[in-house]
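Report on the structure given below.
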Amino acid sequence: VANVPTIPDRRDDDATATNNSSPLLEKKKASFDDSLTVLELGAGTGVAGLALAATGLPTAVALTDLPGVCDFLRHNASRNKETKRFSEQRTTKESSSRKSISLPAIPQDVALAVAPLRWGVKTDVAKLHPSFRNPKVLLGADLAYTEDVSVVRRLAATVSSCVPLHGVAVFASCRDHRPESVDLLEKLLVSDGEFLARRVRGDELAEGFGRIERREEDEEKDGRFESFRVVEFRRVAGDGMSDAEAEAIRARDAHGDAQ
């Protein structure tokens, strides 16, 4: 992933969303039916979504955050689609050679999009491209960063609006920061029975993640403290926002603008 520019701190009262919903950087994929589409919430610099896109597994990845962050996201997404020159070393018993190759950080057949998406604002969800409004995978990296319960509740509401039936939301969280907020988010998602949670085991994660640390106050339990946690939430009931609901929300929003 290309170097990431510094971005300003998140502010929940940042600028309002614009009508520029999900502009695709790669326009050749107008339809993403039967493909792996990914929506990242609170993308920040975009490093999590861009790293996933760099694997070549998704068909399309949408990076979302507050409107004031989107210019940074577009910049970083564009940089990672640019062709870069790499040097590859090849060594055999007989000889050693270095080959220069030119490749983008993210494969050309992976489409990227950037869109403003404020948590708890259904109008922002309604303006997303349909395939991103109901993605196959919703991604969140360390989003329960605040003590403000209302922010966590808005995040849970947005997840509920976006994840379709049988879709999956994956959250990676550092519990060292706000363990009570991480626990609240997980509780909210499963409380109404629409999502089933599965804790991702440490041996399923890449090396260096899922570390276990000991804390004295936990010795009476199992002697372990999970500082990094990845949980998969699979939707088994209910549904995300439908096309009809999205259209109605956009129509009301347009009518309000006209007034």
Side-chain angles (χ1 to χ4, degrees), residues 1 4 10 36-65 73 80 106 110 117 119 132 134-147 149 151-215 218 221-238 240:
V1 177
V4 178
R10 281 192 178 96
L36 178 55
T37 52
V38 178
L39 175 71
E40 183 182 6
L41 300 183
T45 60
V47 65
L50 292 173
L52 179 57
T55 66
L57 294 175
T59 306
V61 177
L63 310 172
T64 70
D65 210 309
L73 278 172
N80 280 275
I106 295 174
V110 177
L117 180 53
W119 301 342
F132 292 134
N134 290 281
K136 296 294 178 64
V137 176
L138 182 145
L139 175 65
D142 211 15
L143 298 186
Y145 57 87
T146 177
E147 293 179 324
V149 172
V151 174
V152 180
R153 290 187 180 278
R154 293 200 299 272
L155 172 57
T158 296
V159 173
S160 183
S161 292
C162 291
V163 178
L165 184 63
H166 307 309
V168 174
V170 180
F171 286 93
S173 304
C174 179
R175 299 186 74 256
D176 287 345
H177 299 158
R178 302 291 182 194
E180 67 284 352
S181 297
V182 174
D183 294 343
L184 174 61
L185 175 61
E186 296 176 0
K187 179 180 179 180
L188 289 172
L189 290 176
V190 301
S191 61
D192 58 4
E194 291 189 349
F195 290 89
L196 290 181
R198 184 185 78 87
R199 189 77 55 82
V200 178
R201 303 190 314 272
D203 59 6
E204 296 180 78
L205 302 174
E207 185 177 355
F209 294 93
R211 58 192 173 90
I212 299 296
E213 294 180 352
R214 291 184 178 276
R215 296 197 312 182
D218 289 337
K221 298 177 183 178
D222 60 358
R224 302 191 305 170
F225 171 65
E226 192 176 32
S227 60
F228 182 83
R229 184 156 78 196
V230 179
V231 182
E232 172 188 288
F233 297 90
R234 185 171 298 276
R235 189 155 205 166
V236 295

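Here, residue 1 is the first one in the sequence, and each next residue gets the next number.
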Response to the item:
Here the gap from Leu50 atom CG to Asn80 atom CG, rounded to the nearest 0.5 Å, amounts to 5.0 Å
Item to complete: Sort out for me which residue in Val182, Val159, Leu139 forms a side chain to side chain contact (heavy atoms under 4.5 Å, CB included) with Phe171.
Response: Val159
Worksheet item: Between Glu180 and Asp183, is a side-chain contact (heavy atoms from CB on, under 4.5 Å) present by the stated rule, with each step listed?
Response: CA-CA 5 Å; Glu180 67 284 352; Asp183 294 343; 5.7 Å; no
Discussion item. Could you report the tightest heavy-atom contact between Cys162 and Pro135, atom names first, then the distance?
Written reply: O-CD, 3.2 Å
Worksheet item: For the residue pair Gly193 and Ala237, what are the closest heavy atoms and their distance?
Response: O-CB, 4.1 Å
Response to the item:
Given the options Val163, Val236, Val168, Phe195 meets side chain to side chain contact (heavy atoms under 4.5 Å, CB included) only with Val163
Worksheet item: Heavy-atom distance under 4.5 Å between the side chains of Asp65 and Glu40, does that happen here?
Response: no
Worksheet entry | Spatial distance of atom CG (Leu165) from atom CZ (Arg234) [nearest 0.5 Å] | 10.5 Å
Worksheet item: Do you know the tightest heavy-atom contact between Val230 and Ala172?
Response: CG2-CB, 4.0 Å
Worksheet item: How many angstroms lie between atom CG of Leu39 and atom CG of Leu63, to the nearest 0.5 angstrom?
Response: 9.0 Å
Worksheet item: For Ala51, does its backbone N or O pair with a side-chain atom of Thr55 as donor and acceptor, under 3.5 Å?
Response: no
Worksheet item: By side-chain hydrogen bond (donor to acceptor under 3.5 Å, both in side chains), which residues pair with Arg235, not counting sequence neighbours?
Response: Ser160, Glu194
Practice prompt. Please report the shortest heavy-atom distance between Leu117 and Leu41, naming the atom on each side.
Written response: CD2-CD2, 3.4 Å
Item to complete: Quick one: list whatever passes side-chain contact (heavy atoms from CB on, under 4.5 Å) with Ser191, sequence neighbours left out.
Response: none
Worksheet entry | Side chain Thr37, main chain Phe132, donor-acceptor under 3.5 Å | no
Practice prompt. Please round to the nearest 0.5 Å and tell me the distance separating atom NZ of Lys136 and atom CG of Leu36.
Written response: 7.0 Å
Worksheet item: Got a second to check how far Glu204's CD is from Arg198's CZ, nearest 0.5 Å?
Response: 4.5 Å
Worksheet item: What are the two closest heavy atoms between Val110 and Gly56, and how far apart are they?
Response: CG2-CA, 4.0 Å
Fill in: Partner residues of Val190 under the side-chain contact (heavy atoms from CB on, under 4.5 Å) criterion, sequence neighbours left out
Ala197, Phe233
Worksheet item: At their closest point, which heavy atom of Leu73 faces which heavy atom of Ala43, and how far apart are they?
Response: CD2-CB, 3.9 Å
Worksheet item: Quick one: CG on Leu138 to OG1 on Thr158, what's the gap to the nearest 0.5 Å?
Response: 9.0 Å
